[in-house]
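Structure first, commentary second.
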Amino acid sequence: MDVALLRTFVMVHRAGSFTRAAALLGLSQPAVTSQIRTLERQLGRPLFLRRARGVTPTSVGDELAHRAAPHLDALAEIAEGALTVEAPLRTLHLAGPPEFMADRVLPALAGLRDPSGPSVRLRAAFGSAEEVLEGLAAGHHDLAVTTRRPRGTLLSSGTLCDEEHLLVAAPHWAARFPPGAVRRGGAQALDKVPVVDVHETLPFTRRYWATVFEAPPPEHAAVVAPDLRAVLACVVAGAGMAVLPRYLCEDTLLRRELVTLLEPPLPPLRTYFLAVRTGTQSLPHLAAAHEWLMRAAVAWG
């Protein structure tokens with residue numbers, strides 16, 4: 001069986017699309033389509049089901065990818081190492097939400113080096129859960145930190161950590177409420193406090209209101225900023241209240257620049273997952289980064 005055909009097949013399997021695979025391989029889409037048809041004729045079985053948007057692997061396609069991908073990745077690793085006389089310097093492409101990457105992931109991986117210098121080069125990309133998982137599947141990233149567990153067999157994931165969400169505001173907003181007023185009055189007690197969130201749909205506020213108050217969130221936000229660090233800055237400046245991860249606002253709470261408006265018995269949690277393409281976990285630089293982050297996450301918890 002032609003290794004080039006297998007390489008194209010694995011790229012299509014990971015990308016979920018002939019078009020994306022062609023772009024990643026530097027081939028035309030007809031060339032990719034022709035190679036997949038040739039491989040299907042050789043095997044006598046279909047490998048993909050064509051959909052309106054992309055392709056879905058058949059059971060035979062999934063089995064072939066599971067068996068072939070690790071060996072192709074290992075060959076690529078050997079080929080890359082053969083290009084240098086010294087030990088190869090690997091590049092790790094990772095992606096995730098900007099705030100968590102900046103505050104947690106990248107500082108943790110900065111120590112991923114040997115005594116003679118960095119053994120892994122880091123290249124980071126930021127995006128939503130959907131964006132980073134799509135990029136991981138397409139081969140743009142090697143490792144993804146995401147708040148959504150990937151489905152299917154193309155990607156593998158494990159739980160990294162949980163983050164606690166807090167309802168916070170500047171002290172002058174909290175001073176407007178008598179002790180216990182928010183606990184007794186629930187969401188209605190907060191009607192006059194402006195909301196700050198990352199999107200017009202109020203994703204953080206909406207989840208907190210549903211979990212803690214069992215009520216719909218406020219209709220509108222006073223401030224929308226698509227970065228939790230900007231939301232934090234606005235709330236510290238007195239723009240209103242926001243739901244923020246504890247790790248992000250812990251220092252401002254210690255300095256009393258912010259206070260919590262409520263301490264529910266069971267605060268909302270959001271789970272982070274560490275995802276890779278199935279079959280790539282054994283690559284040395286990926287395995288090292290994975291282990292490094294899992295160890296760091298123990299301290300985050």
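By convention here, the first residue in the shown sequence is residue 1.
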How about [X] and [Y]: do any of their side-chain heavy atoms sit closer than 4.5 Å?
{"X": "Y272", "Y": "V105", "answer": "no"}
{"X": "L47", "Y": "V60", "answer": "yes"}
{"X": "V168", "Y": "M241", "answer": "no"}
{"X": "C161", "Y": "Y247", "answer": "no"}
{"X": "F273", "Y": "L155", "answer": "no"}
{"X": "L232", "Y": "E99", "answer": "no"}
{"X": "V55", "Y": "L49", "answer": "no"}
{"X": "L167", "Y": "L190", "answer": "yes"}

What distance separates [X] [atom1] from [Y] [atom2], expressed to the nearest 0.5 Å?
{"X": "H141", "Y": "T146", "atom1": "NE2", "atom2": "OG1", "answer": "10.5 Å"}
{"X": "L64", "Y": "L6", "atom1": "CG", "atom2": "CG", "answer": "6.0 Å"}
{"X": "L258", "Y": "L166", "atom1": "CG", "atom2": "CG", "answer": "10.0 Å"}
{"X": "Q35", "Y": "R37", "atom1": "CD", "atom2": "CZ", "answer": "12.5 Å"}
{"X": "I36", "Y": "R50", "atom1": "CD1", "atom2": "CZ", "answer": "8.0 Å"}
{"X": "H285", "Y": "T91", "atom1": "NE2", "atom2": "OG1", "answer": "7.5 Å"}

Counting neighbours of [atom1] on [X] that are heavy atoms of other residues, nucleotides or ligands and sit closer than 6.0 Å, is the number greater than 12?
{"X": "R151", "atom1": "CZ", "result": "no"}
{"X": "R256", "atom1": "CZ", "result": "no"}
{"X": "R149", "atom1": "CZ", "result": "yes"}
{"X": "R7", "atom1": "CZ", "result": "no"}
{"X": "R67", "atom1": "CZ", "result": "no"}

statement: From the list L228, L244, L254, side chain to side chain contact (heavy atoms under 4.5 Å, CB included) partner of C249 resolves to L244

task: Go through the steps to decide whether R207 and V243 satisfy the test side-chain contact (heavy atoms from CB on, under 4.5 Å), and finish with yes or no.
output: CA-CA 9 Å; R207 187 168 181 271; V243 176; over 6 Å; no

Under a 3.5 Å distance rule, please check whether [X] uses its side chain to pair with a backbone N or O of [Y] as donor and acceptor.
{"X": "S34", "Y": "P30", "result": "no"}
{"X": "D162", "Y": "L269", "result": "no"}
{"X": "R184", "Y": "P179", "result": "yes"}
{"X": "R270", "Y": "P268", "result": "no"}
{"X": "D142", "Y": "H93", "result": "yes"}

Verify the cluster assignment for [X] and [Y]: are they in a single hydrophobic cluster under the rule of side-chain heavy atoms below 4.5 Å apart?
{"X": "V236", "Y": "F204", "answer": "yes"}
{"X": "V196", "Y": "V224", "answer": "no"}
{"X": "V3", "Y": "L5", "answer": "yes"}

query: Between the side chains of R41 and T38, is a donor N or O closer than 3.5 angstrom to an acceptor N or O?
result: yes

Can you name the nearest heavy-atom pair linking [X] to [Y], along with the distance?
{"X": "A108", "Y": "W300", "answer": "CB-CZ2, 4.0 Å"}
{"X": "R277", "Y": "A137", "answer": "CD-O, 4.2 Å"}
{"X": "A222", "Y": "P194", "answer": "CB-CB, 3.6 Å"}
{"X": "P171", "Y": "V259", "answer": "CA-CG2, 4.1 Å"}
{"X": "L94", "Y": "L109", "answer": "CD1-CD1, 3.6 Å"}
{"X": "L136", "Y": "L143", "answer": "CD1-N, 3.9 Å"}

Would you give me the side-chain donor-acceptor pairs under 3.5 Å for residues 9-17, sequence neighbours excluded?
| from | atom 1 | to | atom 2 | distance (Å) |
| --- | --- | --- | --- | --- |
| H13 | NE2 | D62 | OD1 | 2.8 |
| R14 | NH1 | D73 | OD1 | 3.2 |
| R14 | NH2 | D73 | OD1 | 3.4 |
| R14 | NH2 | D73 | OD2 | 2.6 |
| S17 | OG | T19 | N | 3.1 |
| S17 | OG | R20 | N | 3.2 |

Whether F213 and Y208 hold their rings parallel, tilted or perpendicular, with breakpoints at 30° and 60°: perpendicular

All N/O donor-acceptor pairs, side-chain side in residues 123-134, below 3.5 Å, sequence neighbours left out:
| from | atom 1 | to | atom 2 | distance (Å) |
| --- | --- | --- | --- | --- |
| S128 | OG | E131 | N | 3.3 |
| S128 | OG | E131 | OE1 | 3.4 |
| E131 | OE1 | S128 | N | 2.8 |

query: Should R183 and L262 be marked as a side-chain contact (heavy atoms from CB on, under 4.5 Å) after you check the CA-CA gap, both sets of side-chain angles, and the distance that decides it?
result: CA-CA 7 Å; R183 178 174 52 80; L262 183 65; 4.0 Å; yes

